[in-house]
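All remarks here apply to the structure that follows.
Quick note on labels: first sequence line is chain A, next is B, and so on, each numbered from 1.
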Amino acid sequence: MSRHRRLATVAGHSPRDRGRRLRVAKGPRRWQRRQGRTFYVFVAPWVIGFVILTLAPIIYAFGVSLTNYDGSSSFWRFIGFRNYVEFFTKDTDGWASLLRTLGYAAIVVPLSVAGGLALAILVNQRIRARGALRALFFLPSVVPVVATAITFRLIFNRDAGLFSGLMGLFGVHDVTWLSDPWAFYALVVMTLWGLGGGMIISLAALQDVPSELEEAARLDGASRWRYIRSILVPLISPVLYFQVVTGIIAALQMLVQPLLLAETNRIASSAQVPTSSTLFMVKVYNEFFISNRFGYGSAMLWIFFLVILILTLLLQRLSRRFVFYQVGGD
Amino acid sequence: MSAVSVRHAVANRRTFVAALTIGGLLMTGCSANSTTSTSASNATQSAASKEATTVTVMYAGNEFSKKDIAAFEQANPTIKVNFIEFDQTRLNAMLTAGDPPDLVRGNPSANLFARGLATPLDDFVKNSTVIKADDLESVNDAWRYDGKVRGQGKLYGIVKDWSPDLTIWQNQGVFDKAGVKPLSTTTPSTWEDVLAAGKALKDKGVKNSFGIEWQWGVASLLQTQILQQGGTYYNADLTSVNLQTPEAIKSIQFLTDYGKAGVGPTSLAPLADGMNLPVFAKGDMAMSMDGYWFGGGLQAQEAAAVAAGASLVPAPSWGKRISTVIGGVGAWIPEKAKHKEAAWKVMEYLMAGPPAVERAKSGWGLPAMKSLWAQLPAAAPYQKQAIEAAKAELPYVTFLPDSPFISGDEWNKIVDEALKATINGSSTPAEAVKTIEAKVNDALAKGKDQLG
């Protein structure tokens with residue numbers, strides 16, 4: 001039996017749960033009917049919401065992706081998979097934005113998770129002003145994205161920004177940080193500013209780790225780094241894995257931040273977003289609202305949906321090697 | 001639980017989920033129809049009782065205020081206004097659902113007309129006692145379309161106000177302080193002259209010496225400059241462009257030189273405010289290419305010092321004198337609007353009623369009705385001069401050829417991307433026009449395919 005299999009036990013699969021089911025099955029018929037109704041009542045809002053707000057739009061978008069619909073007029077017709085073929089064979093800008101988005105996720109997600117974990121380990125120590133530090137690190141992640149973007153537009157302002165002032169001390173002047181090619185890095189910095197959200201999740205996981213383990217490791221002569229690498233990280237790996245998956249999905253779906261960070265007074269005009277921060281969703285937005293190509297934009301969304309699905313499945317597969325679930329205790 | 005009851009429970013759950021799914025999809029599918037039936041029901045009610053006509057207006061709140069709406073409703077007791085702040089995404093959704101607003105604010109565009117989204121207004125104008133055909137300024141022709149070309153044919157909208165957008169406001173004080181000769185207020189300068197003045201001012205320490213409103217789109221500048229040199233860019237049926245011409249290359253070279261000179265904003269070096277007005281009004285910009293409407297912003301107390309030395313100069317030229325109107329913003333009535341008569345009443349009120357008079361008095365644009373010119377502000381010397389300059393510009397005012405197969409935003413995005421490359425030195429003007437031509441032609445082909 002592998003190490004993973006030894007550690008992993010899904011609650012619903014335990015013999016104890018099977019026993020519970022059997023006991024329920026032996027109960028009175030009225031209780032069974034009531035239990036069934038309760039199940040339906042509880043699950044119905046979610047299912048209805050899912051069908052109306054997720055499933056129906058997904059199916060509708062697929063239908064639209066097979067047309068040349070422009071979003072408002074009656075001039076449209078069925079064109080089969082031509083939009084999909086166009087993306088794979090002609091749309092170099094679309095591919096560039098997809099690769100840029102994957103690059104963005106590859107930079108931002110590891111830094112966010114590692115940074116959040118480092119902060120969590122820091123504020124999990126018995127240090128002075130621990131509560132204040134936790135609040136301080138967490139605060140940026142609750143600031144609304146519009147306020148954050150405006151703040152960073154001021155920080156990176158070419159003429160009067162804090163960052164420009166600091167760079168000026170090193171002889172770097174008159175750089176438009178929010179234009180190409182720097183806009184991409186400004187976006188990365190702005191995203192990392194909110195890593196306090198990850199810190200809180202990692203901190204919660206760390207506080208679940210018994211302190212005896214650290215003491216035992218220390219008695220066995222393990223260094224601090226060895227303890228973190230070989231004991232702490234494997235123990236909280238499900239939480240880190242959760243952050244990686246949600247982080248990747250959020251990074252891939254990034255749209256509002258590049259729009260808000262673009263130096264323009266026409267927020268609605270995604271055409272003004274610098275090329276270096278034109279992530280995939282910005283490109284999709286352009287297709288919808290600049291080019292009025294709702295059909296093509298929908299096809300891009302479906303392709304992206306499949307990319308995210310494949311990535312998630314890949315991660316799930318990889319997680320079997322790196323994620324360790326604890327045995328459920330009584 | 002026996003095997004039979006387990007199967008029964010599973011079947012029940014499957015039936016339940018299937019029923020919810022089908023029900024949910026039906027609800028979603030029927031949502032547009034239910035809206036339509038509600039509207040249809042409203043229409044029936046309004047027919048039964050004239051007091052119930054509610055006209056939905058998608059406009060800008062600062063141009064059709066609550067006070068204006070109240071005054072309109074008082075003057076037209078049988079019409080109620082349901083106001084929606086303009087939102088392109090919402091408009092698209094409403095058009096898609098077949099339940100558009102009754103009156104919409106917008107830009108004239110061949111693409112809008114070619115898609116059959118707008119109602120012809122000629123009969124409304126013919127029967128109106130408020131908006132008269134002979135009172136309409138020729139700029140309203142921007143809203144005409146004959147099925148192929150914009151500028152002639154049926155009228156699909158009315159301009160609220162407009163401006164010769166390439167005329168330049170200059171701050172005489174900045175020129176005097178720098179010892180640079182200002183531009184002539186009567187004779188058009190060449191583009192080189194304007195850029196040379198900008199460079200000379202920059203050499204004297206004026207950081208923003210010549211501001212093109214780059215972030216509002218630079219394609220129209222390229223197009224105007226080509227026409228001014230006697231060139232063309234569209235073919236006869238507006239389905240393709242030829243930009244590998246000396247005229248286009250010269251224009252791209254000029255815009256590249258402007259960007260490299262660092263005299264004003266570009267996409268690579270935008271202004272923090274995203275527009276010239278705050279910088280010009282503070283006295284930190286010598287020339288701003290914005291047109292007449294910009295003078296409205298100089299009436300603020302803080303801009304008094306700048307306004308005292310400000311003047312409007314003709315649009316720069318390269319041979320043929322052409323002064324383009326890039327905007328021409330106004331209102332239109334969607335083809336599928338349900339209360340067109342009531343919408344026209346709002347149109348009359350907005351374009352020729354008290355809000356139009358107030359707009360003209362404010363100086364934030366030239367009126368689209370000849371009768372309203374007398375309302376323009378002329379108390380200060382700079383206001384008088386601006387009116388005279390605008391009048392002198394009138395014979396040369398025109399709007400640009402507009403293909404129904406590509407949007408203005410798309411043009412701007414393509415040209416801007418090419419210019420970023422030439423300004424940062426990674427491309428030449430000759431390469432840039434080739435790239436722009438290929439991308440515009442690709443977009444035109446897609447647009448043509450869409451409209452058939």
| message | Less than 4.5 Å to any heavy atom of chain A: does that hold for the side chain of B:Lys207, its backbone, both, or neither? | response | side chain

| query | Between A:Glu287 and B:Lys446, is the closest basic N to carboxylate O distance under 4.0 Å? | reply | no

| request: Kindly compute the distance separating CG (B:Asp442) from CG (A:Asp91), expressed to the nearest 0.5 Å. | output: 9.0 Å

| query | Which answer fits B:Ala93, side chain, backbone, both or neither, if we ask what part of it has an atom under 4.5 Å from a heavy atom of chain A? | reply | neither

| note | With chain A, the option among B:Leu268, B:Leu117, B:Asn424 that has the most non-hydrogen atom pairs under 4.5 Å is B:Leu268

| task | Give the intermediate values and the outcome of side-chain contact (heavy atoms from CB on, under 4.5 Å) for residues B:Glu417 and A:Thr278. | result | CA-CA 12 Å; B:Glu417 277 174 4; A:Thr278 299; over 6 Å; no

| Is it the side chain or the backbone of A:Phe294 that comes within 4.5 Å of chain B heavy atoms, both, or neither? | side chain

| task | Measure B:Gln450 against the heavy atoms of chain A and call it side chain, backbone, both or neither at under 4.5 Å. | result | both

| query | Are the side chain of B:Glu410 and the backbone N or O of A:Ser291 linked by a donor-acceptor pair below 3.5 Å? | reply | no

| field | Proximal component of B:Leu451, with respect to chain A [non-hydrogen, under 4.5 Å] | value | both

| chain A contact via B:Thr96 - which portion, at a heavy-atom distance below 4.5 Å | both

| request: Enter the distance from A:Phe75:CZ to B:Arg115:CZ here, rounded to the nearest 0.5 Å. | output: 9.5 Å

| query | More than 12 heavy atoms of other residues, nucleotides or ligands under 6.0 Å from CZ of A:Phe78: is that the case? | reply | yes

| request: Pick one of side chain, backbone, both or neither for A:Arg82, based on which atoms fall under 4.5 Å of a heavy atom in chain B. | output: side chain

| Whether B:Ser407 side chain and A:Ile290 backbone form a donor-acceptor pair below 3.5 Å | yes

| Closest approach of A:Ser179 to B:Ser267 (non-hydrogen atoms, all atoms of both residues) | OG-O, 2.8 Å

| task | Would you mind checking if B:Asp449 and A:Arg77 are paired as a salt bridge, meaning a charged N to carboxylate O distance below 4.0 Å? | result | yes

What side-chain donor-acceptor pairs closer than 3.5 Å can you find for residues 41-60 of chain A, not counting sequence neighbours?
none

| field | Most chain B-contacting option - heavy-atom pairs closer than 4.5 Å, from A:Gly161, A:Ala183, A:Gly71 | value | A:Gly71

| request: In sequence, state the C-alpha distance, the side-chain angles, and the governing distance for B:Asp409 and A:Phe289, and then conclude on side-chain contact (heavy atoms from CB on, under 4.5 Å). | output: CA-CA 9 Å; B:Asp409 276 343; A:Phe289 300 111; over 6 Å; no

| said: With a 6.0 Å cut-off (strictly less than), is the heavy-atom count around CH2 of A:Trp193, excluding the residue itself, greater than 12? | reply: yes

